[in-house]
A.B. asks: 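Quick one: the structure is below, and I'll ask about it shortly.
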Amino acid sequence: MTAADTTPATTPTTTPTTGPAEEVLSHEAVLTGEPVVRLEGLSKSYGEQVILDGIDLTVGRGEFVALLGPSGTGKTTLLRILGRLEDASSGRATIAEKTSVVFQEPRLIQAQRVWRNVVLAAGRGAGARQAAHAALAEVGLADKAQAWPKTLSGGEAQRVGLARALFREPDLLLLDEPFGALDAFTRRKAQDLVLALWQEHQPGVLLVTHDVEESLLLADRVIVLGGGHIQADIRVTTPRPRDTTSPEFNATKREVLAHLSQVSPHVSPDHPAHRDYGKIS
Amino acid sequence: MTAADTTPATTPTTTPTTGPAEEVLSHEAVLTGEPVVRLEGLSKSYGEQVILDGIDLTVGRGEFVALLGPSGTGKTTLLRILGRLEDASSGRATIAEKTSVVFQEPRLIQAQRVWRNVVLAAGRGAGARQAAHAALAEVGLADKAQAWPKTLSGGEAQRVGLARALFREPDLLLLDEPFGALDAFTRRKAQDLVLALWQEHQPGVLLVTHDVEESLLLADRVIVLGGGHIQADIRVTTPRPRDTTSPEFNATKREVLAHLSQVSPHVSPDHPAHRDYGKIS
Amino acid sequence: MTALETLGAPAGVPVAAPTTTHTYERAGVPGSGTTRVRRVPQLLLRVLAPLALIGLWQLSDTLDWVSPQVLPGPMAILDAYRELWAVGDLQAALPISLQRAGTGLLVGGTAGLVLGVVAGLSVTAERFYDAPLQMLRTIPFIALVPLFVVWFGIGETSKVALIIGASIFPVYLNTYHGIRGIDRKLLEVGRTFDMSRWETIRLVVVPLAMPGILVGWRYAAGAALLGLVAAEQINSQAGIGYILNTANQFQRTDIILAGILVYAALGLVVDVVMRTLEHVLLPWRATHDGR
Amino acid sequence: MTALETLGAPAGVPVAAPTTTHTYERAGVPGSGTTRVRRVPQLLLRVLAPLALIGLWQLSDTLDWVSPQVLPGPMAILDAYRELWAVGDLQAALPISLQRAGTGLLVGGTAGLVLGVVAGLSVTAERFYDAPLQMLRTIPFIALVPLFVVWFGIGETSKVALIIGASIFPVYLNTYHGIRGIDRKLLEVGRTFDMSRWETIRLVVVPLAMPGILVGWRYAAGAALLGLVAAEQINSQAGIGYILNTANQFQRTDIILAGILVYAALGLVVDVVMRTLEHVLLPWRATHDGR
Amino acid sequence: GGDADAGSGSDGATKLTISYQDTAFPALIEASGVLDGADLDVEWVNLTGPAANLQALYSKAIDLGHMGDTSLTIEQANSKTDWTADNAPLEIVAGWRNGNDPEFSPLVTAVRTDSGITEVADAKGKKWGFNFGGYNHAQYLVSLVQGGLTEDDIEPTQFADGATSAAAFNAGEVDIYSGGHGPILGALASGDAEIILDDSQTAIPALNVWTARKDVLDDEEKDAALEEFFERMSGYWAWHDENPEEVKKILVEQLKVDDARADFEYEVRRGAFRAFDDGLLAEEQAVAQALFDGKAIPKLPEVGIGFDPRYNEVQGAISSADAQAAQ
Ligand SMILES: Nc1ncnc2c1ncn2[C@@H]1O[C@H](COP(=O)(O)OP(=O)(O)OP(=O)(O)O)[C@@H](O)[C@H]1O
Ligand SMILES: Nc1ncnc2c1ncn2[C@@H]1O[C@H](COP(=O)(O)OP(=O)(O)OP(=O)(O)O)[C@@H](O)[C@H]1O
Ligand SMILES: [Mg+2]
Ligand SMILES: [Mg+2]
């Protein structure tokens, strides 16, 4: 597979997205359990503007799916629908009840201390505070437990949001750019944490990210969203941990980038971004 | 230079940070004008916690500086002091008056439409609206001019924040992770825009980013902040556009990463993140 | 793996417990079908409570559960309206009273707004007059009618002054707190981009404090109407407060209640006006509607 | 380069105009030196205005600029206090009045809080009783003293009922709007993490609406004190409202002003209490202090 | 305020600003036509309660303020400086009331029939409602004295105004009541209440009075205007007696009273100016004494200082004795 190969449906690892969602389930052995997400013909419009246009998607329990797409393409909207925070305009959605969300912005409750933000739903028990401390330690913020959210740095706030979401054992974990504000090392630590949790409890995971390498390092499946449709649904079968320098890795990376460039509204074939995309992940 | 070479002050491209700031100016020819930032012994504490501890830093007009450092290390704090939004605890700061800031979070005025957010300080003139439209078009958001900020996606909001900052012609441009929520292509476009503006008007630029490649692609100088001190001040002299695959590029990248790993609080030498850092920028 | 143990997950079976799922279905465009079906009971709900109340009220009157001295029935109150209307009092009262209340509200509210904005933005200004205003605020204007006569005479001035006194503080208080409640980060934007003081107020401060400001005006409108009762004790031959005072003096409970219902109707008008204003002035709000 | 041209920058000289810079210097730890120097004039500012006012007032009295009927001087008012104190009225008035106002405020404020929280969170509840409450709110309780006697008798009930009526609405209104002003995104957090209704209210809704709620209580405290004037028209031999009413009847302008000053002092106490509460309850706020 | 200082009206006529506590009397005077063609302009002002009238007088907003005859006694007693004939700032210049027909006495002490009280002495331990200040208060204090009681023997129940006091009595919240007759008409008519003492029995004059500021009286022009005003006003009572239907109609329109109350108000608003003779002043002094003994006022004033009889003659004022005889 080469970078020039940019037509979505013709590559072997790309599942056609127009067929019924069951097909995906039937011929893929990677799924470890019943589906936690099944979308059928799901659409969403804001006024005249159609954001999602007949999305069919099934995510199994234990499946790790990465969602890529240009800015403003509807990734967050899709996640919000999956988190039952938004009504779809039409279509059918079957979604696991117990979900956990890391929102794109931290969304901490300013009026509660950091530790309380982590265990919001855990009631008043004495154990809550200890559990919160432990969860915060996992994201390297043990010393911020008593702080007010307003005093956190951007990356610290993001990690508190992550700790909050991971504290539950959800059936479906929705992550909206959860590592965006983290430096390379903190990010790697957070990724490890998510992977470990996923391997232990096997939730379905939907990870929105702009980092193609990250999606390929973490996910079983990389979905490219664009123009309201799923443009590509690429399976990554290399066993973890993955090597970013391997030829397969870079081939898949180029393929994903090619799909992305196709749906990027501002990119013409001779745009410099297109030419250099290998450098700017 | 190799990745193993991690002691800051011994590498030839690293300027010692303990000497007076004037030295930096005197023996560096890259600076194109008078300094727009000169910090002398600048410290900042929150209560007991010392965030910045005697920072000396001079940024010349036309100089493009990238600021790297682990999450919670004080990058935003430094930028806030440069933007005169925060008082230092002690020290001396000489800062260009006309600054422009892209904040870490978009900080749009929810009560004003997108176009008005871009030209907040431009008065009521009829030209303001047109100018705003043009600036929005540059970041690919021409059609969002009339929208309310609450309806924007994360990346869209970030681009509005960028358009707002670039709309002015500042002497000092402060960018706090301005591309964090953007996909690869949109990000590249935004980077081009900043570069073009910088080349045209020669402001001093201070760019906070977690993306080591990005910092090396854009900046003249990469500063690593950690433990309240400037841990490394690495000059990048390769002419632009830079090639991410060149050996020099990767050597510098490894050097920066080595500095970063040294100041990362959670990284022990045998931590997997350390082992793999080449893959996760 | 420690990462998980501390996150509260019991180590154990790698295959997870059965998943509970929910199916959500939706067809067609929003605004059609379902929405309309729901709107009818909502409207019903809004009028149901008042209607039931009125029914019960008339019943208690007809069945003589309570004496008309204690609570005249709705029919008696209708009669009172007819009487007021026949004499021409009601027609005369409303424009006069509304003008008084309106003038006082406008002057007092504007003063409260300006004072609130200035105190909200400047600690110096706050230090200078917040404490005196907090003291003034508590003063019972209603008890000062005779003093107002001394200070402002018996013309319109004293009436309007009383209403100004009543409506200045709600707007001040809510404006001040609305502005103090604005996230510091957003004011920093104004400073960063060298916005002028005036532009900052116009584009950032006032719009963002608008929800609080509107609550203040809402309250001030009520206070202005309330002030009428005291104000129209001073040399007035007409006005809704005058009607109430006279009815009080001559034990006309039915007229008192009729007057009160006029007040209630005005309250409803204020509510509708403020709701409309909220819609017009706050289209940008990312708030919930309390589902 | 188009990117720049459209960004409003005139294409031209690549070397830029001279840069204006500012130097900021700071030594030592915060809270020392400069801060203390500044605090003195701030305190001065706070007491200057009142003191100057009092001086002018006494002067105008001494020089007979205004007749004591119009405005008795500060010394005359001090005499009035002495008189009230000697008779024992003042000592009797405060505890009684404060108890009445306190009880009414507590009951009314709590009712307003609960109603406000429920209406803020549930459209159904809002539809059911918001409009009736908005109507009730405008009713001039002060004009209803005789009706309150008929409805609630002449004991403490009618007095406290009047004060409840006065203090319920500020809290309701501000709580309701405070809750409606909470960013929808934060309530979504509660839904996402399956927080119970009660936990959501306790941990998210009430804390975030607290700034508004406190403004409501602040206003309600004033309204409760104001209500005293009306309430203590009913069968009372003591109380600060009673003193005002009696002084009014006997043209004792000096006592009226003395009573008013007691109100003002109470207003100041309310202010201090509310400021303290704000500090205690809102340590998390990322707001500005209006520099 | 300077409304009353305007001096002359547009046509050169002297202007008088005169207050009344409701809008009915001005409307009746207008209807009677007694002021038609007068060489003076009257501006009518409506100020409720004696306090507002006194303050309006002091602030020179009005020339004549309407109140009860006891209000100035109380004002004098509360004054910081002792009033003398020279320095008294205010003078009562006209007083009037109806004849002393007990059916239409303006002032009563009444009991709830279910309270078991038939004479004042029975009121021991009962709730007694009254309002502070003015002649209602005097009625209460004198009633107590007549029953041989002191405030310690009963449960005094004080209200800030007559309307609230009456509302409490009408609602059965108090057993015995001293105050205006009109506000409790309903309870009397229904048999829930009955009168045990009227103002003639307590010897309280219960006059309506007009009070003028001293400087108005010293102003020759105003003095002349007042003289004309009162001379013309003396003709009003005859018109009142001759036109019961028109008077009642105006009362209903202005005061929104029902027919029974209008009948009562018609009667109670009849009458004539009363002369400030020794008999009256003695009664007034007795009221002051009762107030003083009841600790309602801090010192005992010489009430005569507050009465200026200069217009009695033009008013055609009659003595109390004559009024009684006329009945
Ligand atoms: N107002 C404050 N009070 C107390 N501590 C604060 C305050 N503001 C920031 N801090 C702390 O100061 C440290 C530095 O914060 P800063 O925002 O500068 O970090 P940063 O380098 O920008 O991190 P990130 O990459 O995560 O954005 C953090 O540990 C933060 O918690
Ligand atoms: N409430 C709304 N009303 C109108 N348009 C909306 C609303 N919410 C979102 N949109 C629009 O829907 C589109 C999709 O938004 P969404 O947040 O899903 O994008 P995204 O894929 O998450 O983008 P990003 O990567 O920038 O976060 C955007 O163009 C946005 O402007
Ligand atoms: Mg998004
Ligand atoms: Mg930061």
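Naming convention: chains lettered A, B, ... in sequence-line order (proteins, then strands); numbering from 1 in each chain.
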A.B. asks: Could you tell me which of E/Ala163, E/Pro183, E/Gly162 has the largest number of non-hydrogen atom pairs under 4.5 Å with chain C?
C.D. replies: E/Pro183

A.B. asks: At a 4.5 Å cut-off on heavy atoms, which part of C/Asn245 comes close to chain E: side chain, backbone, both, or neither?
C.D. replies: neither

A.B. asks: Any chance CD of E/Glu246 has more than 12 other-residue heavy atoms, nucleotides or ligands included, within less than 6.0 Å?
C.D. replies: yes

A.B. asks: Any idea which heavy atoms bring C/Gln237 and E/Asn46 closest together, and the distance?
C.D. replies: NE2-CB, 3.4 Å

A.B. asks: More than 12 heavy atoms of other residues, nucleotides or ligands under 6.0 Å from CG of E/Asp114: yes or no?
C.D. replies: yes

A.B. asks: Over all heavy atoms of both residues, which pair between E/Leu255 and C/Thr246 is shortest? Give the atoms and the distance, please.
C.D. replies: O-CG2, 4.0 Å

A.B. asks: Of the listed residues (E/Arg261, E/Glu265, E/Glu253, E/Gln254), which shares the most heavy-atom pairs with chain C below a 4.5 Å separation?
C.D. replies: E/Arg261

A.B. asks: Quick check: closest heavy atoms across E/Leu47 and C/Asn235, and the distance to 0.1 Å?
C.D. replies: CD2-N, 3.4 Å

A.B. asks: Contact part of C/Val87 toward chain E, heavy-atom cut-off under 4.5 Å: side chain, backbone, both or neither?
C.D. replies: side chain

A.B. asks: Between E/Lys256 and C/Leu84, is a side chain to side chain contact (heavy atoms under 4.5 Å, CB included) present by the stated rule, with each step listed?
C.D. replies: CA-CA 8 Å; E/Lys256 312 291 172 311; C/Leu84 289 175; 3.5 Å; yes

A.B. asks: Can you list every pair that meets ring-ring contact (aromatic ring centres under 6.0 Å, His included) and has a residue in residues 228-275 of chain C, with sequence neighbours left out?
C.D. replies: none

A.B. asks: Take a 6.0 Å sphere around CD of C/Gln99 and say whether it holds more than 12 heavy atoms from other residues, nucleotides or ligands.
C.D. replies: no

A.B. asks: Is it true that atom NZ of E/Lys214 has more than 12 heavy atoms of other residues, nucleotides or ligands lying nearer than 6.0 Å?
C.D. replies: yes

A.B. asks: Taking all non-hydrogen atoms of both residues, which atom of C/Val149 and which atom of E/Ser59 are closest, and how far apart?
C.D. replies: O-OG, 3.8 Å

A.B. asks: Does any heavy atom of chain C fall under 4.5 Å from the side chain of E/Asp161, the backbone, both, or neither of them?
C.D. replies: neither

A.B. asks: As an exercise, state the distance from CD of C/Gln251 to CD1 of E/Ile184, rounded to the nearest 0.5 Å.
C.D. replies: 10.0 Å

A.B. asks: Checking heavy atoms, do the side chain of C/Ile234, its backbone, both or neither come under 4.5 Å from chain E?
C.D. replies: both

A.B. asks: Relative to chain C, which segment of E/Ala167 carries a heavy atom at a distance below 4.5 Å: side chain, backbone, both, or neither?
C.D. replies: neither

